[in-house]
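Residue numbers run from 1 in the order of the sequence given.
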Amino acid sequence: MIADVMVNGSMAAKAFMDTGSPTTIIDSTFAANSGFKVNREGKRLKIRTPLITYYCYPLMDDTINVNGLRNTRPVYVGNLKRRKGFSDIDMILGSGYLAQDGSRMLTLNIAKGYVEYGRKEIGKEFKKGIMTVDEHDFVSTDAPLRLYTQNDGNSQLSGRFVIDTGNANYLFLCGRNERVSEFLKMKGIKPEEKIMQGKTIQYIRMQSAEILGKEVMMKGAPLVILPRMRFYDYTGAIGFKFLKEVEMILDYDNNLLYVK
């Protein structure tokens with residue numbers, strides 16, 4: 001999910017919208033060309049993804065503004081161009097922004113191609129759930145996930161799921177989470193495997209999945225099981241393709257989420 005944004009009111013940038021990232025990261029080339037100063041003496045941030053590890057340093061400035069939204073967390077600089085498909089991306093826009101009305105409410109309507117910051121009236125058609133924001137500002141919800149596999153088997157997995165627009169799949173599971181490993185063993189599920197950039201990725205072919213009261217038809221799409229994640233307490237994540245089929249409001253001020 002890519003947006004054209006203005007940084008600090010004067011610099012045009014292409015931002016990758018990632019609710020699964022609590023941190024905003026500016027590409028090192030864009031930072032240099034835009035005159036940002038990097039604090040090389042500051043604490044380095046190490047961010048692991050399934051295929052790439054980023055090493056980032058903080059900006060000298062405390063924060064930035066994006067389209068009039070004020071970031072409430074430190075901003076880091078790293079080489080984003082290393083990631084495949086990120087050659088035109090200038091920044092990863094994480095969570096933690098204050099709207100112009102002072103609220104921390106974010107509406108995701110990916111199907112219509114927009115996100116909106118600011119207070120919004122919640123209609124009766126929305127279902128309410130509890131949202132958890134941990135000490136690292138990862139946004140998640142506790143919910144049961146009902147899985148329907150290609151062999152028509154169905155089962156339920158409960159746990160905490162990150163709301164992650166940066167994950168291109170419908171969902172993924174954290175392979176090192178105890179709930180996930182016990183679930184796969186108990187159900188006798190043996191994941192398929194694929195080699196990507198020299199690393200083994202496991203997955204299950206799915207017919208459909210249901211979470212937060214919404215069932216999506218996956219039509220044989222993979223449910224990826226990631227072996228190394230930095231948040232082992234999480235069962236998995238709800239990804240871009242799933243979120244594209246709903247409208248979701250994240251109310252950071254009251255730790256609630258709404259789904260339609």
Side-chain angles (χ1 to χ4, degrees), residues 1-110 112-118 133 135-139 162-168 197 230-231 237 239-240 243-244 250 252:
M1 192 172 185
I2 312 300
D4 292 315
V5 300
M6 293 296 293
V7 181
N8 290 347
S10 60
M11 292 168 281
K14 286 195 176 294
F16 176 66
M17 312 292 291
D18 188 0
T19 60
S21 171
T23 305
T24 290
I25 304 172
I26 297 176
D27 176 66
S28 52
T29 301
F30 177 79
N33 292 339
S34 302
F36 284 111
K37 294 182 179 180
V38 180
N39 181 8
R40 294 286 179 180
E41 303 300 322
K43 184 178 179 180
R44 188 176 69 170
L45 182 68
K46 182 178 180 180
I47 300 177
R48 287 180 175 176
T49 73
L51 300 177
I52 292 175
T53 298
Y54 295 107
Y55 295 93
C56 307
Y57 288 90
L59 283 182
M60 293 294 290
D61 296 334
D62 290 338
T63 188
I64 60 173
N65 287 276
V66 179
N67 282 14
L69 307 171
R70 184 171 65 84
N71 189 14
T72 59
R73 293 178 57 86
V75 178
Y76 286 80
V77 175
N79 182 9
L80 300 181
K81 308 300 185 186
R82 295 177 56 220
R83 182 169 174 177
K84 185 178 179 181
F86 268 50
S87 60
D88 296 328
I89 302 302
D90 299 313
M91 62 190 301
I92 296 176
L93 193 67
S95 58
Y97 282 83
L98 276 177
Q100 292 180 352
D101 62 12
S103 71
R104 294 186 65 209
M105 182 175 280
L106 169 62
T107 300
L108 298 173
N109 198 325
I110 297 173
K112 294 184 178 179
Y114 75 88
V115 299
E116 180 182 3
Y117 287 83
V133 182
E135 66 272 18
H136 302 294
D137 272 7
F138 284 111
V139 182
V162 177
I163 310 299
D164 187 7
T165 58
N167 165 32
Q197 299 185 20
R230 62 187 180 276
F231 35 81
F240 179 85
L243 295 170
K244 193 174 181 179
L250 306 178
Y252 292 84

Checklist entry - Taking side chain as C-beta onward, heavy atoms only, is Y97 less than 4.5 Å from V66? => result yes
Checklist entry - Does the side chain of V77 reach to within under 4.5 Å of the side chain of F36, using non-hydrogen atoms? => result no
Next on the checklist: Checking R44 now: which residues fulfil salt bridge (charged side-chain N to carboxylate O under 4.0 Å, His left out) with it, not counting sequence neighbours?
Outcome noted: none
Side-chain atoms of residues 1-15: list all donor-acceptor pairs with protein atoms under 3.5 Å, sequence neighbours left out, distances to 0.1 Å.
{"residue": "D4", "atom": "OD1", "partner": "K14", "partner atom": "NZ", "Å": "2.7"}
{"residue": "N8", "atom": "OD1", "partner": "N65", "partner atom": "N", "Å": "3.0"}

Distance (rounded to the nearest 0.5 Å) between [X] [atom1] and [Y] [atom2]:
{"X": "S87", "Y": "L80", "atom1": "OG", "atom2": "CG", "answer": "11.5 Å"}
{"X": "F240", "Y": "D164", "atom1": "CZ", "atom2": "CG", "answer": "11.5 Å"}
{"X": "Y57", "Y": "R40", "atom1": "OH", "atom2": "CZ", "answer": "6.0 Å"}
{"X": "I89", "Y": "F30", "atom1": "CD1", "atom2": "CZ", "answer": "11.5 Å"}
{"X": "L93", "Y": "T24", "atom1": "CG", "atom2": "OG1", "answer": "5.0 Å"}
{"X": "F16", "Y": "D88", "atom1": "CZ", "atom2": "CG", "answer": "13.5 Å"}

Item to check | Any residue meeting side-chain hydrogen bond (donor to acceptor under 3.5 Å, both in side chains) with T23, in chain and number order, not counting sequence neighbours | outcome: none
Next on the checklist: Holding to side-chain hydrogen bond (donor to acceptor under 3.5 Å, both in side chains), I want the full list of residues that pass it with T72, two or more places apart in sequence or in another chain.
Outcome noted: none
Item to check | Heavy-atom pair with the smallest gap, counting every atom of L69 and A99 | outcome: CD2-CA, 3.7 Å
Checklist entry - Does the side chain to side chain contact (heavy atoms under 4.5 Å, CB included) test come out yes or no for V162 and V139, once each step is laid out? => result CA-CA 6 Å; V162 177; V139 182; 5.8 Å; no
Next on the checklist: Tell me whether the count of non-hydrogen atoms from other residues, nucleotides or ligands lying under 6.0 Å of NZ in K244 goes above 12.
Outcome noted: no
Next on the checklist: Determine whether a donor-acceptor pair (N or O, by modelled atom type, separation under 3.5 Å) exists between the side chain of T63 and the backbone of N71.
Outcome noted: yes
Item to check | Short side-chain to backbone donor-acceptor contact, D18 and G166, under 3.5 Å | outcome: yes
Next on the checklist: Please evaluate residues D27 and K81 with respect to the criterion side chain to side chain contact (heavy atoms under 4.5 Å, CB included), reporting the C-alpha separation (whole Å), side-chain torsions for both, the decisive distance (0.1 Å), and the verdict.
Outcome noted: CA-CA 7 Å; D27 176 66; K81 308 300 185 186; 3.1 Å; yes
Checklist outcome for this item: Residue set satisfying side-chain contact (heavy atoms from CB on, under 4.5 Å) with N39, at least two apart, ordered chain then number -> E41, P58, M60
Next on the checklist: Strictly by side-chain hydrogen bond (donor to acceptor under 3.5 Å, both in side chains), give each pair with a member in residues 98-108 just once, sequence neighbours left out.
Outcome noted: D101-S103
Item to check | Result of checking I92, D90, L59, V38 against I26 for side chain to side chain contact (heavy atoms under 4.5 Å, CB included) | outcome: L59
